[in-house]
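What follows is a single structure, written as structure tokens, with notes after it.
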Amino acid sequence: MSSHPTTILRYVPSFSRILLISTLLRVALIGYSEWHDAHSVVKYTDVDYRVFSDAARFLLEPSPHNQAEGPLARYFHIGSPYTRATYRYTPLLAVLLTPNEWLHPSFGKFLFAGCDILAGLLMYELLVSVILPTSRRAGTDAQAEKTKGTRASEQAGGEDTTQRLATFLVSLHLLSPLVFTISTRGSSESVLSLFVLATLYYALKGRWDISAVLLGLSTHWKIYPFIYGVACLGVIGSTGGAARRGWRGWLGTVLNGRTIRFALISAATFVALGVAMYAIWGQPFLEESYLYHLTRLDHRHNFSPYFYLVYLTYPSDPPTLEPVFWKRLLRSPLTSFVPQMTLALGTGLLFGQRREDLVFAWFVQTFVFVVFNKVCTSQYFLWYTLFLPLLVPQLSMSSRRAIAYGAVWIGTQALWLGEAYKLEFLGQNVFFGLWIRGLVYVVGNCWVLAGIMDAYGRNLSR
């Protein structure tokens, strides 16, 4: 934002206290989940956590009908996590959660909550060491001569303000109900969030080799982070060189020794992990972890603008070749994939030109990726809200506009959820009305994104 009320920051506790509160809150919720699940039909624990736990158990308990199928599987006496129906993740997740079987069933929840806390630490370090000092320098360069005589006396106060502001911004993430409920219910999104933040951390520090390795790891864990590589290539190619015009200049920026090195390291990490997983677990790993998501058709209600079209054209069981062209077109993954990738990769190329713009570029890329994904649930919102604490200091926006954007973002979700309640709990046929509200959600979110982009541009032009 353009200015931050110092009166609010005076009441912000220390960062260590925020970490303690955030940790205790998560421990308490995990403990509560044990009691709640034992006494209620409606469980606190996410159904995905039960899938993860079952997959970990299958991994530890091989049998004639549960064995790893890779070329090197005979050297390992382990089962396959894909024996568990609907497990469509990397085997590394099941490996991480094996202590659920021999230590405690809630081990995974503590692991995910710990990743939340580590993500908060990375956010704080980025804000204090990179983002806030850069924002402050950009805002004070014009007044450098006027403040020259008083800088030494104000330096200590400035550092304290920076730390308090960083604490306040990180607390918005750590104490967000969306964040702490998802991790304590047993969703693994916090692990990916930690990987993505670590990738960003080393990118902003200019340590591109480590960032490339982490990008490859993130993409192995869940495929969508590969879109960040486009913005990284633009930043790496622009570093240390004069601005070049025209398509030849752009091509020279994206394709040079530094960018090729980054791409090769990242791709090699991704391929190495994939080969290792395939060597042990074989074709089921490829089918469930990657290929399934390319051909997935989900007719269940969600925020996606494509859900109703998929619902109307969902293939019969067993599936048959659809003779009607427009129905085949709607079922095709390309119908959603092409516009989604055009926006996600295009914004990365457009905004990924300076290291200072990397947070903004990744935020915009993720936002459009989620909004135009063929499946969109509330859990996916974490993918882009993760960057908000890092982006807010770089926005020039009035409080009134910020409230308006927040109200539209929450209000469009509430409008959709109200109709979804009628479908899911009352059994009413409101599919069309739910789809219309989903389109309102898309339009509202695009308006919010446009406002954030405008606020970022205003900050740059100051």
Side-chain angles (χ1 to χ4, degrees), residues 47-48 86 88-89 187 189 192 222-227 230 287-348 363-385 408-424 428-450:
V47 65
D48 284 346
T86 74
R88 299 186 174 99
Y89 311 88
S187 170
E189 293 298 335
L192 179 63
K222 189 163 286 188
I223 200 71
Y224 86 88
F226 86 92
I227 62 176
V230 174
E287 292 286 347
E288 301 295 344
S289 295
Y290 299 128
L291 300 181
Y292 165 80
H293 298 284
L294 295 178
T295 59
R296 176 184 182 184
L297 287 177
D298 197 335
H299 66 287
R300 293 171 295 181
H301 56 287
N302 61 83
F303 289 98
S304 173
Y306 303 103
F307 114 82
Y308 188 58
L309 306 178
V310 172
Y311 169 76
L312 292 177
T313 60
Y314 197 72
S316 57
D317 192 17
T320 57
L321 179 64
E322 177 56 59
V324 182
F325 172 75
W326 70 268
K327 288 188 177 181
R328 290 204 308 271
L329 183 64
L330 290 177
R331 289 181 188 176
S332 172
L334 294 178
T335 302
S336 59
F337 185 77
V338 170
Q340 179 191 37
M341 286 298 102
T342 301
L343 288 169
L345 298 180
T347 52
F363 172 81
V364 175
Q365 286 183 278
T366 315
F367 199 107
V368 296
F369 183 93
V370 170
V371 170
F372 293 98
N373 198 26
K374 60 183 175 181
V375 179
C376 179
T377 65
S378 299
Q379 193 168 292
Y380 294 2
F381 301 161
L382 277 180
W383 296 356
Y384 61 80
T385 57
V408 169
W409 188 74
I410 295 173
T412 53
Q413 294 176 49
L415 183 69
W416 186 91
L417 289 170
E419 196 75 355
Y421 175 84
K422 298 178 184 178
L423 174 63
E424 186 145 354
Q428 298 180 12
N429 186 357
V430 293
F431 282 96
F432 181 76
L434 191 59
W435 178 56
I436 294 298
R437 284 160 176 77
L439 296 181
V440 172
Y441 155 82
V442 171
V443 172
N445 274 254
C446 289
W447 180 74
V448 170
L449 178 59

Steps toward side-chain contact (heavy atoms from CB on, under 4.5 Å) verdict (Y384, L449): CA-CA 11 Å; Y384 61 80; L449 178 59; over 6 Å; no
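Residues satisfying the ring pair (Phe, Tyr, Trp, His ring centres under 6.0 Å) test with F372, not counting sequence neighbours, are none. Applying the side chain to side chain donor-acceptor pair (under 3.5 Å) test to N373 and every residue at least two apart in sequence or in another chain returns Q340. Applying the ring pair (Phe, Tyr, Trp, His ring centres under 6.0 Å) criterion to Y290, with sequence neighbours excluded, gives F270, F285. Qualifying salt bridge (Lys or Arg N to Asp or Glu O under 4.0 Å) partners for E189, counting only residues two or more places apart in sequence or in other chains: K222. Not a single side chain to side chain donor-acceptor pair (under 3.5 Å) links Y308 to another residue, sequence neighbours left out. Residues satisfying the side chain to side chain contact (heavy atoms under 4.5 Å, CB included) test with F226, not counting sequence neighbours, are T219, M341, L345. For V443, there are no side chain to side chain contact (heavy atoms under 4.5 Å, CB included) partners two or more places apart in sequence or in a different chain. Residues passing the side chain to side chain contact (heavy atoms under 4.5 Å, CB included) test with R437, sequence neighbours excluded: L415, W416, E419. Residues satisfying the ring pair (Phe, Tyr, Trp, His ring centres under 6.0 Å) criterion with F363, sequence neighbours excluded, are F367. For the side chain to side chain contact (heavy atoms under 4.5 Å, CB included) test, residues two or more places apart in sequence or in another chain that qualify with S304 are N302, Y306, C376. Applying the side chain to side chain donor-acceptor pair (under 3.5 Å) rule to E424 yields the partners H301; only residues at least two apart in sequence or on another chain are considered. The side chain to side chain donor-acceptor pair (under 3.5 Å) check on S289 picks up Y82, with sequence neighbours excluded.
Once rounded to the nearest 0.5 Å, the distance linking CG of L192 with CG of L382 reads 10.0 Å. In this structure, CD1 on I227 lies 5.0 Å from OG1 on T366, to the nearest 0.5 angstrom. Rounded to the nearest 0.5 Å, atoms OH (Y292) and OH (Y89) are 9.0 Å apart.
The minimum heavy-atom distance between V442 and F303, with the atom names listed, is CG2-O, 4.5 Å. Shortest non-hydrogen contact noted between T342 and V338 is OG1-O, 2.7 Å. Across every non-hydrogen atom of L434 and A420, the tightest pair is CD1-N, 3.5 Å. Closest approach of N429 and F431 over heavy atoms only: OD1-CD1, 3.3 Å.
Taking the six-membered ring for Trp and the full ring otherwise, Y380 and Y224 have centroids separated by 6.0 Å or more.
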